[in-house]
Structure formats: structure tokens, C-alpha cells
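Just so it is clear: chains get the letters A, B, ... in the order the sequence lines come, proteins before strands, and each one is counted from 1.
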Number of protein chains: 2
Amino acid sequence: MLKVNKLTDYAVVVLCDLLRGDRLRSAADLAQSSGVPLPTVSKILKQLARTGLLQSARGVNGGYGFGRPPAGISMAEVIEALEGPIAVTGCVEDSGEMCEFVHQCPMNGHWNAVNVAIRRSLDEVRLVDMLPEARFMDPEDLNRVIAERHAAAMQA
Amino acid sequence: MLKVNKLTDYAVVVLCDLLRGDRLRSAADLAQSSGVPLPTVSKILKQLARTGLLQSARGVNGGYGFGRPPAGISMAEVIEALEGPIAVTGCVEDSGEMCEFVHQCPMNGHWNAVNVAIRRSLDEVRLVDMLPEARFMDPEDLNRVIAERHAAAMQA
DNA sequence: CACAAACAGGACTAAAACAGTACCGTATCT
DNA sequence: AGATACGGTACTGTTTTAGTCCTGTTTGTG
Ligand code: FES
Ligand code: FES
């Protein structure tokens with residue numbers, strides 16, 4: 001059903017939580033406030049940090065914060081960070097794998113059209129659009145608030 | 001990685017093959033000419049017929065043909081026929097399941113935005129766009145040829 | 001300097017989904 | 001009657017996913 005990983009699903013919940021604060025948050029903290037089990041949250045955050053979407057600080061008072069201005073993060077990036085490149089089938093450019101029917105396949109990689117379409121639509125949905133506030137707030141105000149929090153977190 | 005079932009992948013190969021002929025084709029025939037194993041082809045066709053995308057005729061000289069003008073079939077329909085409603089996560093309208101975090105979830109079903117975006121983009125890619133001919137032929141010519149073949153198959 | 005808080009990386013297991021196959025039944029044509 | 005072809009469904013091995021745990025490293029604090 002064209003499903004996304006459960007991890008990715010949780011990730012959005014956690015990221016939205018992180019979007020709300022203005023400082024580094026520890027994995028335990030985020031687990032607590034999001035309701036997602038700690039080991040899982042931990043796994044997600046580690047992965048997101050690895051890709052640069054988040055940045056991390058170790059030691060006492062450490063935790064996670066956004067690696068760059070969160071208003072600019074798209075859902076495509078979140079999904080790709082956790083699941084690797086978006087590829088609806090094996091026979092799509094960039095997927096790494098190669099379809100077993102290539103030799104006789106009557107439509108060399110035409111799934112690409114589908115893939116590109118999906119990719120583009122995911123680029124257009126931003127992470128901040130997932131916040132419930134997004135429904136009521138003026139988009140510009142939302143962006144400004146988020147940007148301010150990010151700045152605060154950075155200097156801390 | 002937002003993958004589509006292998007069955008769905010094969011289905012497109014088979015459907016493209018079917019798009020080429022102007023008569024009913026048996027499962028065995030299609031398996032032969034597409035290179036996909038017969039039992040698999042059979043499974044796919046059965047399912048597609050159940051949803052009405054294809055129509056079937058039993059008995060000698062029976063087989064499968066399109067249930068309606070193929071030029072109007074979108075990839076969204078093909079995917080939904082084989083995998084059920086498109087739902088990237090559990091917490092999306094129509095998915096049937098219900099997310100376990102609904103109670104405390106900070107963003108009730110905002111995945112819907114993503115889902116709708118994907119759905120729309122899949123609606124815009126047509127099955128006939130998957131044919132290699134689609135790259136070289138004038139789209140209108142392609143549609144006409146396909147429509148003629150369909151008509152021929154219908155009257156037969 | 002010792003200790004505690006936090007992240008980093010990876011290994012492991014149980015459960016679920018998928019892929020592929022097979023079997024038996026029903027309809028249709030000759 | 002018999003051959004062809006679809007219809008439904010059940011079964012099984014394999015692969016993926018989800019979730020957990022453990023061990024190591026970094027960093028602030030008393
Ligand atoms: S089905 Fe993979 S290359 Fe065509
Ligand atoms: S994560 Fe499912 S309702 Fe929010």
C-alpha cells in the first residue's frame with residue numbers, strides 16, 4: 001500500500017515535538033513527551049543525526065537539535081533520511097538494485113515517471129506543515145516562530 | 001523506501017503487454033510473452049479482473065481484456081487494484097487501521113497532506129505512459145491506437 | 001579525577017508481510 | 001465429453017520490519 005516505515009511515522013511525531021522547543025532535547029526527554037518508547041526514539045534520532053538533519057551534543061546537558069533551519073525541511077528529506085532514496089520499484093534510477101527483467105522488459109524504467117511524480121510531491125510538503133498549528137497560524141508567522149526557536153537552540 | 005509490491009511491478013509489465021494486442025489474451029499467453037512466471041501472472045490478472053480493471057472470459061478461447069478504455073486508466077488505479085487504498089501510514093483517512101497514538105498524537109492525521117499529494121501525482125501518470133512507445137509517439141495518436149485495439153477486443 | 005548523563009554503533013530476536021506455488025472448482029466452447 | 005481457461009483459496013519458505021539491548025565514547029560537574 002505504498003506504506004512508509006513505522007519508524008518514519010514515529011520520526012515525524014518526534015520531530016514535531018522537537019519543533020516546539022527552543023533548546024536541545026535529550027532522547028529520553030523526547031520519548032517522554034511524545035509517548036514513543038525510548039529505544040525507538042533513540043534509533044530515530046541517531047539516524048537523523050547521521051544524515052545531518054539533526055545535530056547532536058554528547059555528555060551532560062547534551063541532546064538533539066535541528067542541524068539547519070527547520071522551516072526548510074521537506075518530508076522528502078525526512079523520509080529519505082530514514083529509508084534511503086525513494087524508489088517505488090527496483091528498476092528506477094538511483095535505486096541501487098537492478099530489476100531482473102531488464103533484458104526483456106518492454107518499458108525500461110518507466111516507473112521513473114511515477115517515481116519522479118511522487119518525489120516532487122513529497123518535496124512540496126514541509127515538515128512544519130505536519131504541525132497542527134500549521135492549520136491555524138499564518139504560514140509566515142509559523143516560519144518566523146520556528147526560525148526563532150532554532151536560533152535560540154543554536155546559540156545555547 | 002516507499003516501495004510498491006513486486007506483484008504490482010509485474011502487473012505493469014503484463015498490462016503493457018496486453019495493451020499491445022487487439023484481442024483477449026490468456027494468462028498462459030501473457031506469461032509467455034512477458035517472461036513473468038505463469039502462476040504469478042495468473043494471480044495478478046485474477047485480482048485485476050476482480051476490481052473491474054480487466055474483464056475475463058472463461059472457456060476455450062477465453063482470456064483477459066481491458067474492462068474499459070485503457071487510455072483512461074491511471075497508475076493510481078492499477079496500484080490500488082493490487083494493493084488496496086493508498087495510505088502511507090496507519091493514521092490516514094480510509095486506511096482502515098487506526099494509529100495507536102491517536103489519543104496523544106500532536107498532529108492528528110497530518111500525514112493526510114502527504115497522502116493526498118502522492119495520490120494526486122499517481123492520478124496524473126497514466127498506464128499508457130509506461131509504454132516505451134509513449135516516448136516517441138504523439139500522445140493523441142497513441143490514445144487512438146489503444147482505443148481502436150480496445151474496441152476490436154470488445155467486439156471479438 | 002571519578003562519576004553520571006547522553007549519544008554512537010551495532011548485534012540480535014520475534015513477529016509480520018511477501019512471493020511464489022499448488023490445488024480444486026466452475027464456466028465455456030467444440 | 002473433454003479440453004481450455006478463469007476463480008478462489010490455502011499453504012509455506014523467505015525476507016523485512018520492529019523493537020530491544022549491550023557495549024563503547026564523549027562531556028559536563030562536584
Ligand atoms: S520491470 Fe524492471 S526494468 Fe522493466
Ligand atoms: S501518528 Fe497516528 S494519529 Fe498521529
Side-chain angles (χ1 to χ4, degrees), chain A residues 1-11 13-14 18 23-32 35-65 67 79 82-84 87-90 96-97 99-101 156, chain B residues 1-11 13-14 18 23-32 35-65 67 79 82-84 87-90 96-97 99-101 156:
Chain A
M1 318 98 180
L2 223 44
K3 270 217 185 76
V4 98
N5 276 348
K6 234 170 177 182
L7 270 194
T8 310
D9 191 355
Y10 296 160
V13 177
V14 171
L18 190 55
R23 58 199 171 75
L24 291 187
R25 312 269 306 274
S26 73
D29 184 8
L30 286 165
Q32 176 91 51
V36 180
L38 174 56
T40 304
V41 170
S42 193
K43 196 175 189 173
I44 292 166
L45 294 171
K46 271 184 267 190
Q47 181 59 27
L48 289 174
R50 219 171 296 168
T51 67
L53 220 71
L54 297 184
Q55 67 181 190
S56 63
R58 297 209 217 188
V60 180
N61 296 325
Y64 292 92
I79 293 175
L82 283 150
E83 318 197 354
V88 288
T89 72
E97 336 164 35
C99 168
E100 57 177 309
F101 290 115
Chain B
M1 317 98 182
L2 223 43
K3 270 216 186 77
V4 98
N5 275 347
K6 231 170 178 184
L7 271 194
T8 309
D9 192 355
Y10 295 161
V13 177
V14 171
L18 190 55
R23 56 196 171 79
L24 292 187
R25 311 269 307 273
S26 72
D29 183 11
L30 285 165
Q32 175 90 51
V36 179
L38 173 56
T40 304
V41 170
S42 193
K43 195 177 190 172
I44 292 167
L45 294 172
K46 272 185 265 188
Q47 180 60 25
L48 290 174
R50 215 173 299 170
T51 68
L53 220 71
L54 295 186
Q55 67 182 190
S56 62
R58 299 207 215 188
V60 179
N61 295 325
Y64 292 92
I79 293 175
L82 284 151
E83 317 197 356
V88 287
T89 72
E97 335 165 35
C99 167
E100 57 178 308
F101 290 115

Checklist outcome for this item: Among the nucleotides D:dC6, C:dT21, D:dA18, whichever has the atom closest to the side chain of A:Lys43 is D:dA18
Next on the checklist: In this structure, how many angstroms lie between the P atom of D:dG28 and the CG atom of A:Leu24, rounded?
Outcome noted: 11 Å
Checklist entry - Between A:Gln47 (CD) and D:dG19 (P), how many Å, whole number? => result 16 Å
Next on the checklist: Side chains of B:Val14 and B:Leu48, heavy atoms from C-beta outward: is any pair under 4.5 Å?
Outcome noted: no
Checklist entry - Between D:dG19, C:dC7, D:dG7, which one does the side chain of B:Lys46 approach most closely? => result D:dG7
Checklist outcome for this item: The residue among A:Ile44, A:Thr51, A:Leu45 that forms side-chain contact (heavy atoms from CB on, under 4.5 Å) with A:Gln47 is A:Thr51
Next on the checklist: From the set C:dA6, D:dC6, D:dG8, return the single nucleotide nearest to any side-chain atom of B:Arg50.
Outcome noted: D:dG8
Next on the checklist: Looking at every non-hydrogen atom in both residues, tell me the closest pair between A:Ala31 and A:Pro37 and how far apart they are.
Outcome noted: CB-C, 4.3 Å
Next on the checklist: What is the distance, to the nearest angstrom, from the CD1 atom on B:Ile44 to the C1' atom on C:dC18?
Outcome noted: 13 Å
Item to check | Nearest non-hydrogen partners of B:Leu24 and B:Gly65, listed with the distance | outcome: CD2-N, 3.5 Å
Checklist entry - Can you tell me if the side-chain N/O atoms of B:Tyr10 get under 4.0 Å from OP1 or OP2 in C:dA19? => result no
Checklist entry - What string of B, S and - do you get for nucleotides 24-30 of chain C, 5' to 3', when a contact is any protein heavy atom under 4.0 Å? => result -BBBBBS
Checklist entry - So, do B:Ile79 and A:Val88 sit near enough that their side-chain heavy atoms are less than 4.5 Å apart? => result no
Checklist entry - In whole angstroms, how far is the P atom of C:dA15 from the NZ atom of A:Lys6? => result 14 Å
Checklist entry - Of all the choices, C:dT21, D:dC6, C:dA19, which nucleotide is nearest to the side chain of B:Ser26 once you look at every atom? => result D:dC6
Next on the checklist: What is the separation between atom CG on B:Leu45 and atom P on D:dA5, rounded to the nearest whole Å?
Outcome noted: 13 Å
Checklist entry - Separation of B:Asp29 atom CG from D:dC6 atom C1', in whole Å? => result 14 Å
Next on the checklist: Rounding to an integer number of Å, can you tell me how far B:Leu82 CG sits from C:dC18 C1'?
Outcome noted: 13 Å
Item to check | From D:dT20, D:dA18, D:dG7, nucleotide with atom closest to A:Pro39 side chain | outcome: D:dT20
Checklist outcome for this item: Here the distance between atom P of C:dA6 and atom CG of A:Leu48, to the nearest Å, is 19 Å
Item to check | Nearest atoms (heavy-atom pairs only) where B:Ser42 meets B:Ala27 | outcome: CA-CB, 4.5 Å
Checklist entry - Side chain of A:Tyr64: nearest nucleotide among C:dA8, C:dA19, D:dA18? => result C:dA8
Checklist entry - Phosphate oxygens OP1/OP2 of C:dA8: is one of them under 4.0 Å from a side-chain N or O of A:Ser42? => result no
Checklist outcome for this item: Heavy-atom nearest pair, B:Glu83 first then B:Val4, reads OE2-CG2, 3.4 Å
Item to check | Proximity to the side chain of A:Thr40 - top-ranked nucleotide from C:dG20, D:dG19, C:dC18 | outcome: D:dG19
